[in-house]
Amino acid sequence: MALLDGFRESHANSKAEKVAAREEENKIKFMNMAYKEAEKAYEEGDVPIGCVIVNEDGKVIGRAYNRRNKDGSTTSHAEILAIQQACKKMGDWRLEDCDMYVTLEPCPMCAGAILQARMRKVYIGAMNSKAGCVGSVINLLQMEGFNHSVEVERGVLGDECSSIIRDFFEELRSGNDF
């Protein structure tokens, strides 16, 4: 009986390890997709922020990059544009079983939209100490009193996501055109 119990425990651990490895692979895969979106913004001379939204089946249902300068609109943030796409694809304003991957910590507007969409989880690349509202300045997604909270994981491809932002602003300060 002890041998059988040992086998069951070993099998359960092996299965849990496989699930954890798959989740880790997915985090990297989807954040890489968001990073590719951020590169598009960089090429167009906009702050390089990218976002991908994934449904519970692991399908990308929204992707966007920051387009404030291109669109001439305050609300053309990557998160807002990706949420709009995802809602249209889902046919609902609720994104309860969806996860967001975003290269930079969301601002107050985007954090509010994430909260309103009732997103399940947000994966963040780099933190934003001056305007971030998912832990840096304030944490709107996990604030008591709201009718919903969002699970958060920070630092996914953090070095890469920080680097593209830093490179963008260094190039901007040096006066280079995009």
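Hydrogens, waters and symmetry mates are skipped; everything else that's a heavy atom, side chains included, is used.
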Closest heavy-atom pair and its distance - [X], [Y]:
X	Y	answer
V150	M119	CG2-O, 3.5 Å
M109	T74	CE-O, 3.7 Å
A126	I124	O-CG2, 3.3 Å
I114	P106	CD1-CG, 3.8 Å
P48	A38	CB-O, 3.3 Å
M143	I138	CE-CD1, 3.2 Å

How many angstroms lie between atom [atom1] of [X] and atom [atom2] of [Y], to the nearest 0.5 angstrom?
X	Y	atom1	atom2	value
Q142	S149	CD	OG	6.5 Å
D92	C87	CG	SG	7.5 Å
M100	C110	CE	SG	7.5 Å
L157	I28	CG	CD1	4.5 Å
K36	R63	NZ	CZ	10.5 Å
E170	S163	CD	OG	8.5 Å

Side-chain touch [X]/[Y], heavy atoms, less than 4.5 angstrom:
X	Y	answer
I164	F168	no
K29	N32	no
Y42	D167	yes

Has K121 got more than 12 heavy atoms of other residues, nucleotides or ligands less than 6.0 Å from its NZ?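 Counting other residues, nucleotides and ligands, NZ of K121 exceeds 12 neighbours.
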
Look at atom CD of Q116 and say whether more than 12 heavy atoms of other residues, nucleotides or ligands are closer to it than 6.0 Å.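 Counting other residues, nucleotides and ligands, CD of Q116 stays at 12 neighbours or fewer.
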
Would [X] and [Y] show up in the same hydrophobic cluster when neighbours are defined by side-chain heavy atoms closer than 4.5 Å?
X	Y	answer
L140	L104	yes
V122	F146	yes
L95	M33	no
I83	M90	yes
M31	V134	no

Closer than 3.5 angstrom, by distance alone: can the side chain of [X] be matched with the main-chain N or O of [Y] as a donor-acceptor pair?
X	Y	answer
D46	N69	yes
E105	S136	yes
E37	C51	no
N66	V47	yes

Do you know which of E39, H77, E44, K40 makes side chain to side chain donor-acceptor pair (under 3.5 Å) with Y65?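 Only one of E39, H77, E44, K40 forms a side chain to side chain donor-acceptor pair (under 3.5 Å) with Y65, namely E44.
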
Is K59 salt-bridged to D57, going by a charged N under 4.0 Å from an acidic O?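 The answer is no: the pair does not qualify as a salt bridge.
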
What I want to find out is whether E24 reaches K27 closely enough, with some N-O distance under 4.0 Å, to be called a salt bridge.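 Judged by the 4.0 Å cut-off on N to carboxylate O distance, E24 and K27 do form a salt bridge.
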
Classify the ring geometry of Y123 against Y101: parallel below 30°, tilted from 30° to 60°, perpendicular beyond 60°.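 The rings of Y123 and Y101 lie parallel, inter-plane angle below 30°.
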
Does the pair Q85 and I53 meet the rule for a side-chain contact (heavy atoms from CB on, under 4.5 Å), with working shown? CA-CA 9 Å; Q85 270 185 22; I53 298 176; over 6 Å; no

Checking T103 against E160 for the side-chain contact (heavy atoms from CB on, under 4.5 Å) test, could you report, in this order, the C-alpha distance in whole Å, the side-chain angles of both residues, the deciding distance, and whether it holds? CA-CA 9 Å; T103 58; E160 295 88 338; over 6 Å; no

I165 vs I49, test: side-chain contact (heavy atoms from CB on, under 4.5 Å). Steps then yes/no. CA-CA 8 Å; I165 294 283; I49 302 167; 4.2 Å; yes

